[in-house]
Amino acid sequence: MTPEFDHIVVGGGSAGCAVAARLGEQPGARVLVIEAGPSDRDIRVRVPFGLVHLLRSDRRNWKRKTVPMAAAGGRAVSVPRGKMLGGSGSINSMVWFRGCRADFDAWNVPGWDSDTVWDAFDAVEARMSPARLPNPHPLSEAFGRSLAANDPNAPPTPERTSAGVFHCNMKDGARWSAADGFLRPSGAEVMTDAEVAHVTFDGARATGVVLRDGRALHARQGVVLSAGSIESPMILMRSGIGPGANLRAAGITVHVDAPGVGANLHDHPGFGLHFKGSGSGYGLTLGQLPMWALSPFQWLLTRSGRLSSNTVEAGAFYSVGDGDAPDIQTHFLPFLMGWQGRSIIWGAGYFADVCLCQPRSRGRLSIGRDPYAPLIDLNLFGDDHDLDMMVKGVARLRTLLADAEFGRRRAPEAFPGPSVTGDALREVIRTRAGTAYHPVGTVALGGPLDATGAVKGVQNLWVADASVMPRITSANTNAPSMMIGWQIGGHVATQATRKAA
Ligand SMILES: Cc1cc2nc3c(=O)[nH]c(=O)nc-3n(C[C@H](O)[C@H](O)[C@H](O)COP(=O)(O)OP(=O)(O)OC[C@H]3O[C@@H](n4cnc5c(N)ncnc54)[C@H](O)[C@@H]3O)c2cc1C
């Protein structure tokens with residue numbers, strides 16, 4: 001017999017866990033969360049610095065890549081996505097930002113104005129307890145003071161020019177993901193290592209899902225897709241909901257011709273400066289080897305030391321465009337990182353990047369001959385404006401770093417090097433930039449979705465994750481993804497309660 005639930009949530013990531021928490025509030029409801037990856041019970045998930053290892057894992061990272069992108073020098077760039085309970089929130093840097101109020105007002109979707117979502121963020125933060133990173137490196141503290149008139153204990157904010165040590169979703173020096181804050185207390189049943197192939201329908205009504213191994217599961221009240229910005233549109237397309245011509249070319253029968261599915265793909269472009277010098281930040285040097293050797297014990301006993309670092313410790317928001325509102329975000333990492341294909345190299349140093357808060361380039365995600373291999377075209381720098389802003393951003397970042405009180409820890413710029421400016425800098429950014437790992441927009445509210453997150457043209461099917469953002473928020477996207485799960489989960493629960501009454 002096909003197992004039956006009230007609701008099925010596909011994807012146990014940042015948003016899916018918040019959806020499960022809302023659905024779990026209904027007395028007696030049977031909620032199933034299906035997750036393609038394993039559980040998050042792994043020491044590398046708990047230890048903040050563990051993300052460096054997780055990014056290399058084939059089992060816990062989908063390791064997607066874009067197609068070669070013409071405006072970015074014909075390159076493919078990597079698109080890491082978490083694959084386990086907690087989703088990308090189990091491999092991320094835990095940096096916590098709501099975004100700007102103006103971000104949500106610009107969505108112009110009923111029920112998603114800044115006042116409403118600010119209340120939802122309050123509810124999310126009551127469970128996630130974001131707080132200042134406990135043991136920042138002195139370089140991060142110094143960078144956090146680089147823009148005057150900012151309260152040193154407040155995080156920087158995209159609302160105004162500001163710098164500071166970041167606030168993070170950690171508890172007792174360990175990662176505290178949406179799986180901890182929402183899923184475990186929810187009472188939902190959880191199935192791991194189970195990848196959803198497609199949604200099943202009875203006419204226009206969604207009735208459940210089929211897994212990639214052929215097993216079917218039934219949902220009396222409906223299905224919520226929370227598989228993230230890359231996989232949720234893929235599940236919709238495999239279910240016959242997407243751009244008709246693309247589906248037909250891929251050999252899929254069209255159920256609903258929805259051109260907006262997969263469209264509007266965008267992310268924050270990012271380009272980093274690397275600084276290398278002895279006696280600077282964290283790195284692999286003979287002098288630092290004893291501290292690295294001691295660091296596991298230090299973390300286990302006192303939750304301090306270099307393993308307690310989330311790597312992305314501090315940052316800033318500032319403007320290089322026409323207005324006063326910040327248009328650039330910088331992440332500061334007190335670590336030497338590789339810039340020639342290897343992530344770990346000998347030496348010590350630090351890293352700071354330039355990310356564009358509101359890129360204009362828009363790409364598309366489509367389905368090809370292999371229905372499990374998304375064709376991800378971010379169209380990075382498809383709009384020249386984005387590259388212009390990045391070049392200005394790097395110039396401003398160099399002055400910020402030059403003014404920061406790094407003292408004896410200051411190191412020279414090793415990549416791309418201080419002499420690389422003007423057209424040469426533009427070319428390096430075009431051919432070396434990546435993204436901040438914040439893809440959004442592929443199943444947008446007001447596009448293929450109505451304002452409650454319901455898929456237009458069918459019943460009992462919702463999408464709730466970062467893919468629903470019509471336009472990206474002006475900072476990191478984890479907290480907004482949880483807020484989205486919380487809000488749409490609430491709408492789904494309300495519909496179920498109304499039906500039961
Ligand atoms: C390396 C990295 C660092 C980042 N750092 C930060 C940061 O510091 N701060 C911040 O705010 N944001 C950060 N982000 C972004 C942030 O983590 C994401 O925006 C957020 O987690 C997206 O949430 P989501 O619910 O949309 O998707 P996810 O959290 O990715 O969840 C989707 C889940 O669905 C599962 N899934 C997918 N397909 C299927 C299927 N077919 N069947 C079943 N399950 C499926 C996945 O395995 C995954 O668990 C980072 C992202 C990455 C990758």
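Ligands are counted one by one from 1 in listed order, and the atoms in each one are counted from 1 as well.
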Trainee: Give the atom numbers and elements of ligand 1 that come within less than 4.0 Å of a heavy atom of S14.
Mentor: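 Heavy-atom distances to S14 below 4.0 Å select 20 (C), 21 (O), 23 (O), 25 (O), 29 (O).
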Trainee: Flag P80 as yes when one of its N or O atoms lies below 3.5 Å from any N or O atom of ligand 1, and as no otherwise.
Mentor: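 Not met; the criterion fails.
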Trainee: Indicate yes or no: does an N/O atom of E35 lie under 3.5 Å from an N/O atom of ligand 1?
Mentor: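 In this structure, E35 places an N or O atom under 3.5 Å from an N or O of ligand 1.
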Trainee: Which of the atoms of ligand 1 are close to G82, meaning less than 4.0 Å from one of its heavy atoms?
Mentor: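 Checking each atom against G82, I get 46 (C), 47 (O), 48 (C), 49 (O).
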Trainee: Spell out, as yes or no, whether a donor-acceptor pair under 3.5 Å connects the side chain of H491 to the backbone of G489.
Mentor: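 Between the backbone of G489 and the side chain of H491 there is no qualifying donor-acceptor contact (under 3.5 Å).
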Trainee: Near L55, which atoms of ligand 1 are under 4.0 Å from a heavy atom of that residue?
Mentor: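 Result: 1 (C).
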Trainee: Heavy atoms, side chains only, cut-off 4.5 Å: are S361 and H266 in contact?
Mentor: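 The answer is no; the side chains never approach within 4.5 Å.
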Trainee: Angle between ring planes, H274 versus W339, binned at 30° and 60°: parallel, tilted or perpendicular?
Mentor: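 Correct class here is tilted.
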Trainee: Which residue and non-hydrogen atom of the protein lie closest to atom 42 (N) of ligand 1, and at what distance in Å?
Mentor: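 Heavy-atom neighbour on the protein nearest atom 42 (N) of ligand 1: V196 N, 2.9 Å.
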Trainee: Using a strict cut-off of 4.0 Å, indicate which atoms of ligand 1 neighbour a heavy atom of G228.
Mentor: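 With G228 as reference, the close atoms of ligand 1 come out as 26 (O), 27 (O), 32 (C).
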Trainee: With heavy atoms under 4.0 Å as the rule, classify the contact between W62 and ligand 1 as side chain, backbone, both or neither.
Mentor: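 The answer is the side chain of W62.
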Trainee: List every atom of ligand 1 that sits less than 4.0 Å from any heavy atom of A466, numbering the atoms from 1 in the order shown and giving each element.
Mentor: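 Counting atoms of ligand 1 from 1, those under 4.0 Å from A466 are 26 (O).
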Trainee: Name the closest protein heavy atom to atom 28 (P) of ligand 1, giving the residue it belongs to and the distance to 0.1 Å.
Mentor: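 For atom 28 (P) of ligand 1, the nearest protein heavy atom is S88 N, 3.5 Å.
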Trainee: Can you pull out the closest protein heavy atom to atom 6 (C) of ligand 1? Residue, atom name and distance to 0.1 Å, please.
Mentor: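 The answer is N92 CB, 3.5 Å.
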Trainee: Among protein heavy atoms, which sits nearest to atom 25 (O) of ligand 1, and what does the distance come to when rounded to 0.1 Å?
Mentor: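 Checking every protein heavy atom, the shortest distance to atom 25 (O) of ligand 1 gives A15 N, 2.9 Å.
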Trainee: Short list, please: which atoms of ligand 1 are under 4.0 Å from a heavy atom of V95?
Mentor: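 In order of number, 7 (C), 8 (O), 9 (N), 10 (C), 11 (O).
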Trainee: Is the ring pair W118/F104 parallel, tilted or perpendicular, if the boundaries are 30 and 60 degrees?
Mentor: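 Taking F104 first and then W118, their aromatic rings stand perpendicular (interplane angle over 60°).
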Trainee: Test of understanding: given a 4.0 Å heavy-atom threshold, classify the contact between R212 and ligand 1 as side chain, backbone, both, or neither.
Mentor: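 For R212, there is no contact with ligand 1 at all, from either part.
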Trainee: Quickly, which of R64, K83, R81, R212 forms a salt bridge (Lys or Arg N to Asp or Glu O under 4.0 Å) with E231? Name it, please.
Mentor: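 The single option meeting the salt bridge (Lys or Arg N to Asp or Glu O under 4.0 Å) with E231 is R64.
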Trainee: Can an N or O of G12 be found at a distance shorter than 3.5 Å from an N or O of ligand 1?
Mentor: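 Among all N and O atoms of G12, none is under 3.5 Å from an N or O of ligand 1.
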Trainee: Among side-chain atoms of S232 and D465, is any donor-acceptor pair under 3.5 angstrom?
Mentor: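 A pair is found: one side chain offers a donor N or O, the other an acceptor, under 3.5 Å apart.
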Trainee: Does any N or O atom in W96 lie less than 3.5 angstrom from one in ligand 1, N or O only?
Mentor: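 N/O-N/O distance below 3.5 Å does not exist for this pair.
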Trainee: With heavy atoms under 4.0 Å as the rule, classify the contact between V312 and ligand 1 as side chain, backbone, both or neither.
Mentor: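 Neither; no heavy atom under 4.0 Å.
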Trainee: Tell me: protein heavy atom nearest atom 24 (P) of ligand 1, and distance?
Mentor: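 For atom 24 (P) of ligand 1, the nearest protein heavy atom is D465 CB, 4.0 Å.
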Trainee: Could you list the residues that satisfy side chain to side chain donor-acceptor pair (under 3.5 Å) with T435, not counting sequence neighbours?
Mentor: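 T435: side chain to side chain donor-acceptor pair (under 3.5 Å) contacts with D267.
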Trainee: Heavy-atom pairs closer than 4.0 Å: do any link ligand 1 to the side chain of S481, the backbone, both, or neither?
Mentor: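 Side chain only.
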Trainee: Taking only heavy atoms of G87 into account, list the atoms of ligand 1 that are under 4.0 Å away from them.
Mentor: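 The list of qualifying atoms is 29 (O), 31 (O), 48 (C), 49 (O).
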Trainee: Classify the contact between E231 and ligand 1 as side chain, backbone, both or neither, using a heavy-atom distance cut-off of under 4.0 Å.
Mentor: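 For E231, the contact with ligand 1 is made by the side chain alone.
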Trainee: Among residues at least two apart in sequence or on other chains, which ones pass side chain to side chain donor-acceptor pair (under 3.5 Å) with R75?
Mentor: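 Side chain to side chain donor-acceptor pair (under 3.5 Å) list for R75, sorted by chain: empty.
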Trainee: Under a 4.0 Å heavy-atom limit, does S226 contact ligand 1 with its side chain, its backbone, both, or neither?
Mentor: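 For S226, the contact with ligand 1 is made by the backbone alone.
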Trainee: Quick one, D42 with R59, criterion salt bridge (charged side-chain N to carboxylate O under 4.0 Å, His left out). Give me CA distance, side-chain angles, the key distance, then yes/no.
Mentor: CA-CA 12 Å; D42 184 304; R59 183 156 150 74; over 6 Å; no
Trainee: What protein heavy atom sits nearest atom 11 (O) of ligand 1, and how far off is it?
Mentor: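 Going by distance alone, atom 11 (O) of ligand 1 is nearest to N478 N, 2.7 Å.
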Trainee: How far is atom 43 (C) of ligand 1 from its nearest protein heavy atom, and which residue and atom is that?
Mentor: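 Result: A36 N, 3.3 Å.
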Trainee: Would you say the side-chain atoms of D40 pair up with the backbone N or O of G86, donor to acceptor, closer than 3.5 Å?
Mentor: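 No, the answer is negative, given that no donor and acceptor are paired below the 3.5 Å cut-off.
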Trainee: So, does A194 sit close enough to ligand 1 that a heavy atom of it is under 4.0 Å from the ligand?
Mentor: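 Checking ligand 1 against A194, which is what was asked, there is a heavy-atom contact under 4.0 Å.
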Trainee: Atom 14 (N) of ligand 1: which of M482, H438, M191 has the nearest heavy atom?
Mentor: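 Looking at heavy atoms only, the winner is H438.
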Trainee: Please say whether K83 places an N or O atom under 3.5 Å from an N or O atom belonging to ligand 1.
Mentor: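 In this structure, K83 places no N or O atom under 3.5 Å from an N or O of ligand 1.
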Trainee: Just heavy atoms, cut-off under 4.0 Å: does M234 contact ligand 1 by side chain, backbone, both, or neither?
Mentor: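 The answer is neither.
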Trainee: Atoms of ligand 1 less than 4.0 Å from I34 heavy atoms?
Mentor: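 Those atoms are 43 (C), 44 (N).
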Trainee: When only distance counts, is V10 in polar contact with ligand 1, meaning an N/O pair under 3.5 Å?
Mentor: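 V10 vs ligand 1: no N/O contact under 3.5 Å.
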